[in-house]
Amino acid sequence: MATKSKKGNSGKKNEDFNARSYTKFLKEVGKQSAQRSIRETKALGLSITYVEGGEIIREDANGRKEVIGKI
């Protein structure tokens with residue numbers, strides 16, 4: 001019994017795959033996700049914590065920033 005070959009499954013590397021475009025896409029999606037999470041967190045009145053310039057910063061929903069540590 002003959003087996004059917006699957007279309008597009010030639011065993012070759014996918015020539016349409018572009019690692020740079022994919023990486024750029026993932027970075028953009030991650031950035032958008034982070035921005036959305038920050039907006040939602042602040043809308044709930046909660047603080048966010050992040051690293052900037054070697055310092056750990058806690059920012060309240062009203063924008064007040066406090067350095068809580070150093071890296």
Side-chain angles (χ1 to χ4, degrees):
M1 178 160 56
T3 59
K4 295 181 182 179
S5 65
K6 294 181 180 179
K7 186 176 181 179
N9 191 11
S10 62
K12 292 182 182 179
K13 204 173 196 180
N14 185 353
E15 294 174 10
D16 292 333
F17 179 78
N18 184 336
R20 285 187 186 165
S21 292
Y22 189 64
T23 300
K24 184 177 178 181
F25 168 75
L26 288 177
K27 285 181 180 180
E28 184 60 31
V29 169
K31 181 179 175 181
Q32 290 175 7
S33 176
Q35 290 171 338
R36 181 178 177 181
S37 294
I38 290 168
R39 278 193 314 271
E40 290 177 359
T41 299
K42 287 183 174 183
L44 291 171
L46 303 172
S47 63
I48 59 170
T49 304
Y50 56 92
V51 175
E52 182 175 76
E55 297 178 324
I56 303 169
I57 311 285
R58 178 183 298 134
E59 185 176 336
D60 293 337
N62 63 6
R64 186 178 66 91
K65 296 179 183 181
E66 175 186 3
V67 177
I68 59 173
K70 294 189 181 219
I71 294 181

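In what follows, every heavy atom counts, from backbone to side chain, and hydrogens, waters and symmetry copies are set aside.
Under the 4.5 Å side-chain heavy-atom criterion for Ile, Leu, Val, Met, Phe, Trp and Tyr, Ile68 and Ile71 are members of the same hydrophobic cluster.
Among residues two or more places apart in sequence or in another chain, the salt bridge (charged side-chain N to carboxylate O under 4.0 Å, His left out) test is passed with Arg64 by Asp60. Considering only residues two or more places apart in sequence or on other chains, Arg39 meets the salt bridge (charged side-chain N to carboxylate O under 4.0 Å, His left out) condition with none of them. Checked against salt bridge (charged side-chain N to carboxylate O under 4.0 Å, His left out), Glu52 has no partners two or more places apart in sequence or in another chain. Shown here are the side-chain contact (heavy atoms from CB on, under 4.5 Å) partners of Ile38, two or more places apart in sequence or in another chain: Lys42, Ile48.
Here the side chains of Val67 and Ile57 are in contact, with some heavy-atom distance below 4.5 Å.
Other members of the hydrophobic cluster containing Leu44, listed by chain and number, are Leu46; membership follows side-chain contacts under 4.5 Å among ILVMFWY residues, whether direct or relayed.
Judged purely by atom type and a 3.5 angstrom limit, Ser33 has no side-chain atom pairing as donor or acceptor with the backbone of Val29.
Judged as a side chain to side chain donor-acceptor pair (under 3.5 Å), the pairs with a partner in residues 22-31 (not counting sequence neighbours) are, in order, Glu28-Gln32.
The environment of CZ in Phe25 is sparse: at most 12 heavy-atom neighbours from other residues, nucleotides or ligands sit within 6.0 Å.
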